[in-house]
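Notes to accompany the following structure.
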Amino acid sequence: MRIYNSLTRRKEEFTPLEKGKVKMYACGITVSGEAHIGHGYQALIYDIMRKYLEKKGYSVTYARNYTDVDDKIIAKSKETGIPAEKYAAQMIENINAVMKEFDVDEPALWLKATENIQNIIDFISELIKKGHAYPAANGDVYFNVSSFKRYGCLSNRSVEDMLDGVRVENDELKKSPADFALWKAAKEGEICWNSPWGKGRPGWHIECSAMNRAAFGDQIDIHGGGRDLIFPHHENEIAQSESLTGKQFAKYWTHNGLIKVNGQKMSKSLGNSLLLSDLLKKYSNEAIKFALLQNNYRGDINITDNLFPEAEKHLTDFYSVIKAAEDKFGKSACANGENERIDDKFNACMDEDFNAALALSELFSLFKSVSAKIQKGDKTAADDVSQIRKTYALLGIFKKDAEEYLKEVAAKNPAEIPAEIEELAKARWQAKQNKNWAQADSLRTQIDAMGYTIKDGKDSFTIIKK
RNA sequence: GGCGUCAUAGCCAAGCGGUAAGGCAAGGGUCUGCAAAACCCUGAUUCCCCAGUUCAAAUCUGGGUGGCGCCUCCA
């Protein structure tokens with residue numbers, strides 16, 4: 001299988017450092033607020049990556065982190081009066097609950113900054129010893145960027161270029177504006193830990209380096225995160241880890257694309273974040289996943305008004321076919337069959353840098369064929385349904401009971417038909433029975449104008465909200 | 001200013017050197033009193049532009065143009 005490596009900017013054949021094993025780390029969330037769809041997307045992507053690597057037979061150790069101490073969390077703590085540790089803990093609980101509802105599995109290891117303070121301090125001390133970092137007069141500790149020759153290798157920048165772009169005045173404490181903080185001295189009343197440089201807390205970048213080292217050793221196979229983290233976060237991780245160990249930190253760097261809303265980037269600073277919890281009220285978790293996975297994970301996704309409704313419609317159609325198959329051939333028949341070709345094709349898609357979008361597009365012809373088989377009474381349709389469910393569960397879809405799924409979606413979109421519409425529709429049906437077409441059509445036009453569509457059956461009709 | 005990334009039909013989108021998947025929308029048909037739904041059929045002689053490499057390029061190289069992003073917290 002091949003994976004796109006941000007470091008080399010090309011797809012590479014995947015070979016782990018140690019045969020059969022994969023060490024994988026994805027940067028998680030700074031818990032200063034609720035989880036938005038971007039967080040959900042990132043968690044989903046790496047959960048799928050982990051699961052697919054496992055399907056390929058690798059023994060995968062997957063770790064994610066929670067940054068549970070930082071400026072924003074401290075600010076929130078001051079704002080709400082809740083101690084920073086408590087605020088962060090509550091947020092983590094909240095985020096975990098939403099992720100569970102979104103149906104993303106937890107990693108094998110959850111790493112938290114506050115539980116790794118000693119590891120971080122040790123890491124920084126070693127960097128100072130090796131001349132890659134220096135303490136400043138106020139108790140901050142900075143990384144000496146000029147001491148790491150390859151600085152910029154991931155984002156393809158040179159230190160000189162960066163200095164051109166520096167917007168903030170260099171403060172007196174740093175030797176160079178490009179240097180970044182490993183340890184931040186605590187201000188009065190802030191959450192802090194003792195260190196050789198006085199009371200303070202870790203900087204953001206050092207966490208990931210130190211926790212990775214504590215969990216995995218010097219090297220890992222796959223490091224992931226959102227594309228917005230390439231610079232400076234991941235660049236700094238490389239600088240810290242590699243100047244300490246002298247070894248390549250991560251063999252494959254992967255970055256997922258970002259979410260845009262109606263063409264505009266979604267970010268904390270713009271305040272246009274779509275909360276995962278809000279979306280889950282409107283759409284099924286599977287529809288949200290389906291919509292997101294229709295794009296390559298490396299590209300940005302633009303969320304427009306019809307993105308999720310369209311996905312929900314596709315899934316409703318697919319589940320309806322599943323239900324039809326179950327009704328015809330029995331539920332157990334639709335749960336125990338196999339069809340290797342379906343699975344092989346899926347694997348072929350995923351082998352090419354986790355091409356879930358291509359795998360999903362297969363579903364349309366797959367279900368078309370199942371539908372035709374049901375019509376003909378061909379029992380292999382049951383095997384197909386069973387295989388589709390087993391295979392695509394990896395992407396997080398078709399995991400539910402068909403009937404329950406259809407009910408769930410209906411419940412999220414309550415089709416409350418106003419009594420008025422009901423009356424008009426009944427009147428129309430009566431007119432139709434009397435073959436008074438002119439009156440029937442006029443009533444239907446009226447109903448249509450009010451936002452409802454009439455669907456006639458053989459001896460009854462249904463009203464659908466448009 | 002520096003760097004990155006993307007550019008495929010009305011829209012979304014796959015494609016990773018071998019002759020343009022899929023979805024939505026649209027048009028035509030079957031069905032229907034007429035519709036709706038469902039089902040069937042139809043769509044780029046061509047992949048932003050200009051050069052180049054090659055037997056062969058949407059795919060590789062060089063140069064443009066345009067969008068987006070990063071260089072400040074961000075998944």
Side-chain angles (χ1 to χ4, degrees), chain A residues 2 4 6 9-11 26-30 32-33 35-46 64 67 70-73 75 152 154-158 160-168 178 204 224-233 235 255-260 263-270 273 276 290-291 294-302 304 306-307 309-311 313-314 317 320 349 352-353 355-366 368 371-372 375 428 432 435-438 440-441 444-445 447-448 452-458 461-464 466:
Chain A
R2 303 203 303 158
Y4 182 87
S6 305
R9 278 168 232 104
R10 61 191 58 201
K11 278 188 199 168
C27 283
I29 306 175
T30 299
S32 59
H36 57 58
I37 182 67
H39 295 133
Y41 180 51
Q42 194 252 11
L44 174 66
I45 294 300
Y46 289 99
R64 288 175 69 80
T67 295
D70 94 316
D71 292 345
K72 282 220 163 81
I73 293 168
L154 180 66
S155 57
N156 199 29
R157 302 157 196 235
S158 67
E160 297 82 69
D161 290 342
M162 276 175 246
L163 294 181
D164 280 350
V166 168
R167 291 181 196 170
V168 192
W204 176 35
R227 213 168 58 193
D228 52 344
L229 298 186
I230 291 176
F231 189 88
H233 187 56
E235 197 69 72
H255 291 96
N256 60 280
L258 272 19
I259 304 277
K260 295 195 281 190
Q264 196 185 32
K265 81 159 185 161
M266 188 178 83
S267 77
K268 287 185 182 170
S269 50
L270 291 171
S273 300
L276 196 48
F290 188 92
Q294 275 183 300
N295 294 263
N296 181 295
Y297 78 91
R298 283 185 282 126
D300 290 342
I301 299 177
N302 186 22
T304 52
N306 62 358
L307 181 73
E310 216 172 81
K313 177 159 188 318
H314 289 319
D317 288 349
S320 301
C349 296
E352 266 303 315
D353 195 32
N355 195 339
L358 193 58
L360 288 181
S361 73
E362 285 296 324
L363 287 171
F364 293 94
S365 61
L366 244 24
K368 197 177 270 189
S371 250
Q375 288 292 318
R428 176 188 163 274
K432 192 183 143 153
K435 299 196 190 294
N436 186 345
W437 309 130
D441 288 352
R444 185 171 59 201
T445 308
I447 292 165
D448 190 76
Y452 296 84
T453 303
I454 301 289
K455 192 170 146 186
D456 287 341
K458 209 170 174 192
F461 63 91
T462 37
I463 309 168
I464 299 160
K466 281 199 286 190

With no hydrogens and no angle check, is any side-chain donor or acceptor of Tyr46(A) less than 3.5 Å from a backbone partner on Gly225(A)? yes
Note: Ala311(A) and Ala291(A) closest approach over all heavy atoms is CB-CB, 3.7 Å
Exercise. Would a distance-only check, ignoring hydrogens and angles, find a side-chain to backbone donor-acceptor pair under 3.5 Å from Ser361(A) to Leu358(A)?
Worked result: yes
Partner of rC39(B) under the Watson-Crick or G-U wobble criteria, both distances under 3.5 Å, comes out as rG29(B)
- request: Tell me what Gly40(A) touches on the nucleic acid: a base, only sugar-phosphate, or nothing, going by heavy atoms under 4.0 Å.
  value: nothing
pair_partner(rG17(B)), Watson-Crick or wobble, both distances < 3.5 Å, evaluates to none
Quick test of your reading of the model: are Asp448(A) and Arg444(A) salt-bridged, counting only N-O distances below 4.0 Å? no
What is the ring orientation for His314(A) with Phe290(A), classed by angle as parallel under 30°, tilted 30 to 60°, or perpendicular over 60°? tilted
The Watson-Crick or G-U wobble partner of rU5(B), with both key distances under 3.5 Å, is rG67(B)
With no hydrogens and no angle check, is any side-chain donor or acceptor of Gln42(A) less than 3.5 Å from a backbone partner on Cys27(A)?
-> yes
Go through the steps for Asp228(A) and Lys265(A) under the test side chain to side chain contact (heavy atoms under 4.5 Å, CB included), then give the verdict.
CA-CA 11 Å; Asp228(A) 52 344; Lys265(A) 81 159 185 161; over 6 Å; no
What N/O pairs connect the protein and nucleotides 17-23 of chain B at under 3.5 Å? Give each pair on its own line.
residue: rG23(B); atom: O2'; partner: His314(A); partner atom: NE2; Å: 2.8

inquiry  = Suppose you measure atom P in rC16(B) against the same atom in rC73(B); what distance do you get, rounded to whole Å?
reply    = 38 Å
Hey, does the side chain of Asn355(A) come within less than 4.0 Å of rG15(B)'s phosphate (OP1/OP2), counting only N and O? yes
Here the distance between atom C1' of rC6(B) and atom NZ of Lys265(A), to the nearest Å, is 17 Å
- Query: Are any of Asn295(A)'s side-chain N or O atoms less than 4.0 Å away from OP1 or OP2 of rA13(B)?
  - Reply: yes
Arg298(A) CZ to rA14(B) C1', in whole Å, measures 12 Å
The nucleotide from rU5(B), rC73(B), rA75(B) with an atom nearest the side chain of Tyr4(A) is rU5(B)
**Working for side chain to side chain contact (heavy atoms under 4.5 Å, CB included), residues Leu154(A) and His255(A)** = CA-CA 11 Å; Leu154(A) 180 66; His255(A) 291 96; 4.3 Å; yes
From NZ of Lys260(A) across to P of rU5(B) the rounded distance in Å is 16 Å
In Watson-Crick or G-U wobble terms, with both distances under 3.5 Å, the base opposite rU72(B) is none
In whole angstroms, the gap separating P of rC3(B) from CG of Leu229(A) amounts to 22 Å
note: Ile230(A), atom CD1; rU72(B), atom C1'; distance rounded to Å ~ 17 Å
Between CG of Leu307(A) and P of rC24(B) the distance, given in whole Å, is 14 Å
In whole Å, measure the gap between the C1' atoms of rA58(B) and rA44(B) for me.
12 Å
Any strand, both distances under 3.5 Å, Watson-Crick or G-U wobble: rG10(B) pairs with rC24(B)
- Checking all strands, does Gly38(A) fall into the base, sugar-phosphate, or nothing category for heavy-atom contacts under 4.0 angstrom? base
Does a side-chain N or O of Asn156(A) approach OP1 or OP2 of rG4(B) to a distance below 4.0 Å, or not?
yes
The nucleotide from rC70(B), rC68(B), rC16(B) with an atom nearest the side chain of Asp300(A) is rC68(B)
For Asp300(A), the side-chain contact (heavy atoms from CB on, under 4.5 Å) test, sequence neighbours excluded, returns Arg227(A), Leu258(A), Lys260(A)
Asn296(A) atom CG is separated from rC16(B) atom P, nearest whole Å, by 12 Å
If pairing means Watson-Crick or G-U wobble with both distances under 3.5 Å, then the partner of rA44(B) is none
Salt-bridged, Asp353(A) to Arg298(A), with N to O below 4.0 Å? yes
Provide the distance between the two P atoms, one in rU19(B) and one in rC12(B), to the nearest whole Å.
-> 27 Å
Pick the P atom in rA37(B) and in rC24(B), then give their distance to the nearest Å.
12 Å
Give every pair of a protein N or O atom and an N or O atom of nucleotides 34-38 of chain B that lie under 3.5 Å apart, one pair per line with the distance.
residue: rC34(B); atom: O2; partner: Arg444(A); partner atom: NH2; Å: 2.4
residue: rC34(B); atom: N3; partner: Arg444(A); partner atom: NH1; Å: 3.0
residue: rC34(B); atom: N3; partner: Arg444(A); partner atom: NH2; Å: 3.3
residue: rA35(B); atom: N1; partner: Asp456(A); partner atom: N; Å: 3.3
residue: rA35(B); atom: N3; partner: Arg444(A); partner atom: NH1; Å: 3.1

For rG62(B), the nucleotide meeting Watson-Crick or G-U wobble distances (both under 3.5 Å) is rC50(B)
Can you tell me how far C1' in rG62(B) sits from the matching atom in rA75(B), rounded to whole Å? 35 Å
Can you check the distance between rA9(B) and rU59(B), where both ends of the measurement are the P atom (answer in whole Å)? 15 Å
**Prompt:** Checking Arg157(A) against Phe231(A): charged group under 6.0 Å from the ring centre and within 45 degrees of the axis?
**Reply:** yes
Contacts of Ala440(A) and Tyr41(A) projected onto RNA chain B by closest heavy atom; the upstream (5') one is Ala440(A)
* To do: Assign Thr304(A) to base, sugar-phosphate, or nothing according to its heavy-atom contacts below 4.0 angstrom with the strands shown.
  => nothing
### Message
Under 4.0 Å, counting only non-hydrogen atoms across every strand here, what does Phe231(A) touch: a base, just sugar-phosphate, or nothing?
### Response
sugar-phosphate
*asked:* Rounding to an integer number of angstrom, what distance separates rG22(B) and rC41(B) when you compare their P atoms?
replied: 11 Å
If you apply the rule side chain to side chain contact (heavy atoms under 4.5 Å, CB included), what do you find for Ile463(A) with Thr453(A), and how did you get there? CA-CA 6 Å; Ile463(A) 309 168; Thr453(A) 303; over 6 Å; no
| said: Suppose you measure atom P in rU54(B) against the same atom in rC49(B); what distance do you get, rounded to whole Å? | reply: 23 Å
Rounded to whole Å, NE2 of His39(A) lies from C1' of rA75(B) at a distance of 5 Å
